[in-house]
Structures are given as structure tokens and as C-alpha cells.
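Data first, discussion second: the structure below is written as C-alpha cells.
Keep in mind it's a predicted model, so treat the numbers as computed, not measured.
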Amino acid sequence: MTIRVIIVDDQAMVRAGFAALLAAQSDIDVVGEAPDGRKGIEVSRTTHPDVVLMDVRMPEMDGLAAARELLSPSAGVVHRPRVLMLTTFDVDDYVYEALRAGASGFLLKDAPPADLISAVRIVAAGDALLAPSVTRRLIADFARRSPATPSGGAALRLNGLTPRETEVLELIARGLSNQEIAARLVVAEQTVKTHIGKVLAKLGLRDRAQAVIFAYESGLVTPGEA
């Protein structure tokens, strides 16, 4: 199946470079582009992409606002693409908020070309793009500066998990991959995937990215812990 992608970035050269790289892949089709979030929403509504590559800072409407609009559309809008945020290290807060809004992850603009291609495929497949080391640093740093007070509702939702599911959620939030979690718990990787599926379903979360956010905001994981 061909992955349909649109690129939303205010820099024409960035859009052109990304489009050329992705269009060269046999399984990826670049179906549109836009210079700001507002036009990006319009293009998405007409082209129905599988993945939207969304820059964070843009004129007219920034990527965060556009991501929220795409991921929580008004009544009558059926299509909801996966959103992959394009960012740099100096916009950590925006990345965190984008993940909370339902973005499937983020990619640094200076990442190697192979990483961009892989990221699109990962997100299109329904997985979240969370580079463990970078994700831990970004989310933990934001939470440390703006700590969230765990809510009673979040605690109740955690109570609905089994001890093993809670353990898996904690390890996800600490940035471990499925393979690493399997090794830590001495179980098969497929078993880990099953646990993750149950965690997402019970907590009403869309993907791994939102699971990480929930773990921090519920107090299950405290920033700065080993």
C-alpha cells in the first residue's frame, strides 16, 4: 500500500527537499504541501493523507494549533491523519504539547534522510515515533519545569491496569523499546505488544506517545528518576 504524505513547513527549500526524498521511495506518494498550518489543514482535508509532516513554528497558524485541528476535528470531519512533528531542540515545550494533542511523534529537522523515510513508515503503520534518549530528555525536562499534579481521574484509570500492564507502561515511559522491555521482563516481544495493546485500550490512548504523556501526568513516572 502506498503511503500518502503532505509536508507543511514555511521554508520552501525544506518542503522541496523532503518531497524529493520521499517521492523517490516506491511506497510513498507526496500528495501535497503547504507553507503554514492553516493551509496545511486545507490540503489535508482535500488530499486525505496518511501522514502529515508538520513543522512546529510557522506563520498564520503554527504546527501545534494545526495538529490539534487535524487530530480533534469538528463534527462531520471523518479523516484523521497521523501527524509527525518536525522540530529542533529549542521548541521542547511545543513538542510536548503536540504529543498531548495526539501527534504520533517528532523528528528533528537535521535527522539523516534514512530517519525521515523510516519515520514516515513507522507512523503510517500506526506506531509512535519515540526515540528513547531524546524523548526521555524532552518530556522529563518539560515535566520538571512544569510539573503536573496527578489527578484523581488519572489514578482511577491506572487502577484499571494489572500489575504487569502498569509495569509495561512505566517502562514505555522510561523510553525502552519493545525488545528492551521483553528482555527486562523476561517475556516474548509479542507478549509485550499484547500488554501494550491492552494498556492503550484500557486507558483510551491512541498510541505509545500518548502513553508516555499519561505516565508522566498521572504520576506513575516522576521526572528525574533513574
With heavy-atom distances below 4.5 Å as the criterion, would you say the side chains of V192 and L171 are in contact?
no
What heavy-atom pair brings K109 and D9 nearest, and what distance separates the two atoms?
NZ-OD2, 2.9 Å
For R174 and E170, what are the C-alpha separation, side-chain angles and deciding distance, and is it a salt bridge (Lys or Arg N to Asp or Glu O under 4.0 Å)?
CA-CA 6 Å; R174 296 192 187 288; E170 180 180 348; 2.8 Å; yes
Closest non-hydrogen atoms of L22 and V120, given as atom of the first, atom of the second and distance, are CD2-CG2, 4.0 Å
With a 3.5 Å distance limit and no angle check, can you tell me whether R82 reaches the backbone of V51 through a side-chain donor-acceptor pair?
no
Please determine whether the number of non-hydrogen atoms from other residues, nucleotides or ligands lying under 6.0 Å from atom NZ of K202 exceeds 12.
yes
Would K39 and E42 count as a salt bridge (Lys or Arg N to Asp or Glu O under 4.0 Å) here? Give the steps.
CA-CA 5 Å; K39 289 185 174 62; E42 296 174 2; over 6 Å; no
Taking the side chain as C-beta and beyond, is there a heavy-atom pair between L185 and R164 under 4.5 Å?
yes
What is the minimum heavy-atom distance between R38 and E60, and which atoms define it?
NH2-O, 3.7 Å
For P81 and P49, which heavy atoms make the closest approach, and how far apart are they?
CB-O, 3.5 Å
Exam field: side chain S72 to backbone E69, donor-acceptor pair closer than 3.5 Å
no
Return the CG to CD1 distance between L205 and I172, rounded to the nearest 0.5 Å.
9.5 Å
Rounding to 0.5 Å, atoms CE (M85) and CG (L107) come to a distance of 11.5 Å
Between D36 and V8, what is the shortest heavy-atom contact and its length?
O-CG1, 3.4 Å
Once you round to the nearest 0.5 Å, how far does CG of L158 lie from OG1 of T166?
6.5 Å
Please report the interatomic distance CG(L200) to CD(E165), rounded to the nearest 0.5 Å.
10.5 Å
When you measure from the side chain of D62 to the backbone N and O of V56, does any donor-acceptor pair fall under 3.5 Å?
no
R15 bridged to E33 by N-O distance under 4.0 Å
yes
Rounded distance [0.5 Å steps], CZ in R184 versus OG in S177
10.5 Å
Using atom types as modelled and distance alone, determine if a side-chain donor or acceptor of T47 lies under 3.5 Å from a backbone N or O of V43.
yes
Kindly give the heavy-atom pair with the smallest separation between P59 and P35, and that separation in Å.
CD-O, 4.3 Å
Residue from Q190, R208, E189, H195 passing side chain to side chain donor-acceptor pair (under 3.5 Å) with N178:
R208
Does any non-hydrogen side-chain atom of R45 lie less than 4.5 Å from one of L70?
yes
Sub-4.5 Å side-chain heavy-atom contact between V14 and I7:
no
Side chain to side chain contact (heavy atoms under 4.5 Å, CB included) between F214 and L169: does it pass, once the steps are laid out?
CA-CA 9 Å; F214 180 88; L169 175 59; 4.2 Å; yes
Side-chain heavy atoms of K198 within contact of V168, under 4.5 Å
no
CD (Q25) and CD1 (I3) are apart, to the nearest 0.5 Å, by 10.0 Å
Given the rule in the side chain to side chain contact (heavy atoms under 4.5 Å, CB included) test, do D29 and V5 qualify, once you have shown the distances and angles that lead to the verdict?
CA-CA 6 Å; D29 185 13; V5 177; over 6 Å; no
